[in-house]
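Input: a single structure, listed below in structure tokens.
These values consider heavy atoms only, across backbone and side chains, with no hydrogens, waters or symmetry-generated copies. Chain A is the first sequence line, chain B the second, and so forth, proteins listed ahead of strands; every chain is numbered from 1. The shown structure was predicted, so the numbers you read here are calculated from the model rather than taken from an experiment.
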Number of protein chains: 2
Amino acid sequence: MTCITQSSEEKIKEAAKSVFLKKGYAGTTARDIAEAASMNIALTNYYFRSKEKLFFEIFRDLFSYYCKNTLKIFEKPISIREKLIELIEEDFQMMKKEPSLVLFLMTEIHRDPERLLPELSRFKELLHVTLSNQIEEEIIKGRMRNISVEHLMPLIMGSLQFVFVGKNMNMKMYNASEDEFNTFAENHKNLIISMITEYLFIPETVN
Amino acid sequence: MTCITQSSEEKIKEAAKSVFLKKGYAGTTARDIAEAASMNIALTNYYFRSKEKLFFEIFRDLFSYYCKNTLKIFEKPISIREKLIELIEEDFQMMKKEPSLVLFLMTEIHRDPERLLPELSRFKELLHVTLSNQIEEEIIKGRMRNISVEHLMPLIMGSLQFVFVGKNMNMKMYNASEDEFNTFAENHKNLIISMITEYLFIPETVN
DNA sequence: ACATATTTTAAACATTTGTTTAAAATGTTT
DNA sequence: AAACATTTTAAACAAATGTTTAAAATATGT
């Protein structure tokens, strides 16, 4: 999203985002940000008042970016099966674009959950509204295994996202290039779609 | 492993380990460590020469702790099915004991894979020796789905470990206590065992 | 008991940290 | 062009950082 003309404020925020994603809050210095933005040190505080305020702003952006797609899919008027497949596909694309995102979010939340997630329960409720009832219906109809949303979500997200959380480790372990890793991740995604759907959904018995 | 009498060196290392696990390398100060160990600031450098050297030592310990159990299980003369189930059970116990471990390792490796994983390929080879052939046999015999170790491992580890990587987020989201989280994690583990085995292994056709 | 080596301490060290200042440069309005 | 507001700059700030020092305390060997 690099515009032709970008305000200094935007330039700093963009740069800060990329540095925070790479090094985390504690590992990032004000001078790192200034250098990445090619701007004077003082400007970060001029526009954002403090490193912490800038971080909060970026964290909030990234976290809602992370959630938004998921909710949008869940609100669609499609079947559970389609929702889950779309979720995995969307999630995969997101992580391909921003491979550090999930690890970043997890690390920072681990550091200070209270401060960073003051309104998380709203997300939980939206998940329930858009998914729980639909799942229950499927289960009652005998078309799906008995599983709760609380387990379903980490089951899906976990298997897929973990590959990206450990991206650098995997690349190191298999001497893989960026392209090779992406191919690997794509295959893994397809494997997960196959496993999840085959495990969750009970094939209709032909009488 | 708190002994009755613990040398200063051990006390510092123990304390440093717990602080590093919680706050990561960049988020930990020399004074944090000294305070956690109830020791003088200068002793860290007296025994370990630098914060970085102490960190490397602890990282190496934790990483081999993380790998050791896995390899030990894979070397056992048991079936693939048994190996995978034991792996999940062991892994679960490990994370119950040290919930921050995986996120810590992933974060630090992400930060600097070259420095921290100089000899990772050895682990990869051991994985192959102890597992690849056995899997191939099963696949040829038609008792197992066609899947490579490269995909199998993250598939298993991911779904299970992700719950602990996002522990604080999950606890916050569901207002869960430590005990409630552990119950949840245990149920999740069982779900994963069920899913993995049912998906991977092809039931013998009764003729 | 003495001499020696090891461990612990308080204090200081030079850098790096996030942040502020006050002046300079630039943009905007009339 | 003059007056004003906004943006950018170099320099400095206090506080925090990892590390070192040199003396004190303790342990060890003879």
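Whole-Å rounding puts the A:Ile41 CD1 to D:dA14 P distance at 18 Å. One atom, CD of A:Glu10, and another, P of D:dT7, lie 13 Å apart when rounded to the nearest Å. One atom, OH of B:Tyr46, and another, P of D:dA25, lie 17 Å apart when rounded to the nearest Å. Computed from coordinates, the B:Leu54 CG to D:dT19 P distance equals 10 Å when rounded to whole Å.
For the pair B:Lys76 and B:Glu86, the salt-bridge criterion is met [side-chain N within less than 4.0 Å of a carboxylate O].
Scanning both residues, A:Glu90 and A:Asn69, for their nearest heavy atoms gives OE1-ND2, 3.5 Å. Between B:Lys13 and B:Ile58 the shortest heavy-atom distance is O-CD1, 3.8 Å. For A:Thr28 against A:Lys51, the heavy-atom pair with the smallest separation is O-NZ, 2.7 Å.
Looking at heavy-atom distances under 4.0 Å, A:Tyr47 makes contact with sugar-phosphate atoms alone, never a base. No engagement by A:Thr44 is indicated, since no non-hydrogen atom pair under 4.0 Å with the nucleic acid exists.
Mapping heavy-atom proximity under 4.0 Å, the span of DNA chain C touched by chain A runs 5' to 3' from C:dT17 to C:dT21.
In DNA chain C, runs of at least 3 consecutive Watson-Crick or G-U pairs, each pair with both distances below 3.5 Å, span C:1-30 with D:1-30.
In this structure B:Ser18 satisfies the side-chain contact (heavy atoms from CB on, under 4.5 Å) test with no other residue, sequence neighbours excluded.
By the 4.5 Å heavy-atom criterion applied to side chains, A:Leu21 and A:Leu103 are not counted as neighbours.
B:Tyr25 and B:Phe55 have their aromatic ring centers within a separation under 6.0 angstrom.
Ring geometry, A:Phe181 versus A:Phe164: the interplanar angle exceeds 60°, so the pair is classed perpendicular (tilted spans 30 to 60°).
Both A:Leu43 and B:Asn40 sit near DNA chain D, but only A:Leu43 has its closest nucleotide nearer the 5' end.
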